[in-house]
2 protein chains.
Amino acid sequence: MLKPTKKELNRDNLLNQGVTLLMNQGYHGTGLQEILDAVNVPKGSFYNYFGSKEDFGAEVIQHYIDPFITQLTAYLEQSDTDALGAIKRYFDELISELEKSGFKGGCLLGNLMGEIGDTSDVCQRSLQTAVTRYRNLLQSGLAKAQQQGTVRSDKSAEEMADLLVNAWQGALLRMKIEKSAAPVKRCCQDLLGDFFRP
Amino acid sequence: MLKPTKKELNRDNLLNQGVTLLMNQGYHGTGLQEILDAVNVPKGSFYNYFGSKEDFGAEVIQHYIDPFITQLTAYLEQSDTDALGAIKRYFDELISELEKSGFKGGCLLGNLMGEIGDTSDVCQRSLQTAVTRYRNLLQSGLAKAQQQGTVRSDKSAEEMADLLVNAWQGALLRMKIEKSAAPVKRCCQDLLGDFFRP
DNA sequence: CAATTAAAGACAACCGGTCGTATTATTTAA
DNA sequence: TTAAATAATACGACCGGTTGTCTTTAATTG
């Protein structure tokens, strides 16, 4: 039970590779063969692990967002007395990772929302829950910052969290085509450093 | 010379249909055959009109953004003494059209930036110029509003135009998966009605 | 040995792109 | 104003390759 079975391992490898390839090449731009080859799983075995490509995509979405939730949670718990600073540092780390990867890929959620967000019911639902989970966490961080007096209170934390998520997604798209970190940096500065201040 | 040739007509039909299909199904999710069938152009003729699917995509992008530029320009010229009001009314009309189409599709630029913005050089360049053209127009409108005193002047018009474009793109993605106009409406209210105010 | 899972391979459908030919336009010659 | 010659375009069958999925067989496990 503690040692992962081969099946669980293959599933996890497929999901990890799915995150990478779907993020960089899109849903329709990535074939199952490519994913399977990358983790040395035979093509015939795919349907032993997942019901369909669409179901796989929906699982990949959740598999993608989990680490981000964990990471942001850690930042918030670590800097308990300065929630706004925690959020800022969290985004700074994201930007640093984006720079390392040469501004490619961006965010799987944003990319898939645009590509199949309104054509695949299964993935649409998965995207909804993933985005909402992330937004809620950001919202709770902003609410704490409001209590600490570092963020304005005349706007709801939910409203600001939504704006932050949306502007961040748009900035990631701009980053991709401009091959520059300037859009995401300015996005954080404008909102966290100005608009959200009391 | 005044009457469009059959070739010009076919090209235009293909581009129009390309806008619709690429926006709703994505680049890799749309085959050439589907586009050609929709406008009754034979398969073999496609390469008389366009060099490749990639080149076609790049032209579709420009063909898509043109009407938006024209429309926003009209709004700005029409309400010459109230640039901020013109921008607001322009976005209100966009929202009204999105509601009519059932929140499907969103923005071709946003969708393609996410899907192929960093994998196709040709389309990346086309996306760059399209987004920049649009941003510049918005920037000039905001600059005029600054002169009219309806928009704050301690932030550059360029910075605000970028933020507006980015947040709008993100809000469109949210709209697609939530099937609601709330994200785009709140986006405009937050920025045009609050953050940008002096 | 029975039951469950992994794997192989086939399947039809479709992809973007090519190519030789048929049709149409344009130019030249009478 | 014709007629012939030449150039340009339209066309659909076809290419090799790949897609997601399914059926069947092999292997593994309890």
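Note that these values count all heavy atoms, side chains included, but never hydrogens, waters or copies made by symmetry. Every chain is numbered from 1, with letters handed out A, B, ... down the list of sequences.
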* To do: Go through the steps to decide whether A:Asp82 and A:Lys144 satisfy the test salt bridge (charged side-chain N to carboxylate O under 4.0 Å, His left out), and finish with yes or no.
  => CA-CA 8 Å; A:Asp82 180 16; A:Lys144 191 188 284 182; over 6 Å; no
Interface polar pairs with nucleotides 12-15 of chain D, N/O, under 3.5 angstrom:
unit_1: D:dG12; atom_1: N7; unit_2: B:Gly44; atom_2: N; d: 3.0

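- Checked by atom type and distance alone, the side chain of A:Lys176 never pairs as donor or acceptor with a backbone atom of A:Lys104 at under 3.5 Å.
- In this structure, the nucleotide among C:dG16, D:dC22, D:dT9 sitting nearest to the side chain of B:Asn48 is D:dT9.
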* Asked: Between A:Glu93 and A:Gln71, does a side chain to side chain donor-acceptor pair (under 3.5 Å) hold up when you go through it step by step?
  -> CA-CA 10 Å; A:Glu93 191 188 320; A:Gln71 199 172 7; 2.4 Å; yes
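- Between the OH atom of A:Tyr49 and the P atom of D:dG20 there is a distance of 18 Å, rounded to whole Å.
- Put simply, CG on A:Leu14 is 13 Å from C1' on C:dA6, counting in whole angstrom units.
- Side-chain N/O atoms of B:Tyr47 include none lying less than 4.0 angstrom from OP1 or OP2 on D:dC11.
- Between the CD atom of B:Gln33 and the P atom of D:dT18 there is a distance of 20 Å, rounded to whole Å.
- Taking atom CG of B:Leu32 as the reference point, atom P of C:dC14 lies 14 Å away to the nearest angstrom.
- A straight line from CZ of A:Phe46 to P of D:dT19 spans 12 Å, rounded to a whole angstrom.
- Atom CD1 of A:Ile35 and atom P of D:dT19 are 10 Å apart (whole Å).
- Not counting sequence neighbours, the partners of B:Thr129 by the side-chain contact (heavy atoms from CB on, under 4.5 Å) test are B:Gln62.
- Taking the side chain of B:Ser52 as heavy atoms from C-beta on, and the options C:dG17, C:dA6, D:dG20, the nearest nucleotide is C:dG17.
- A donor-acceptor contact under 3.5 angstrom links the side chains of A:Gln124 and B:Lys179, judged on distance only.
- A perpendicular orientation is assigned to the rings of A:Phe56 and A:Phe50, their planes being inclined by more than 60° (bins at 30° and 60°).
- Checking each of B:Val165, B:Leu172, B:Asn166 against B:Trp168 for a side-chain contact (heavy atoms from CB on, under 4.5 Å) leaves exactly one that passes, namely B:Leu172.
- In this entry the distance linking CG of A:Leu36 with C1' of D:dT18 reads 14 Å, nearest Å.
- Rounded to whole Å, atom P of C:dC14 lies 15 Å from atom NZ of A:Lys53.
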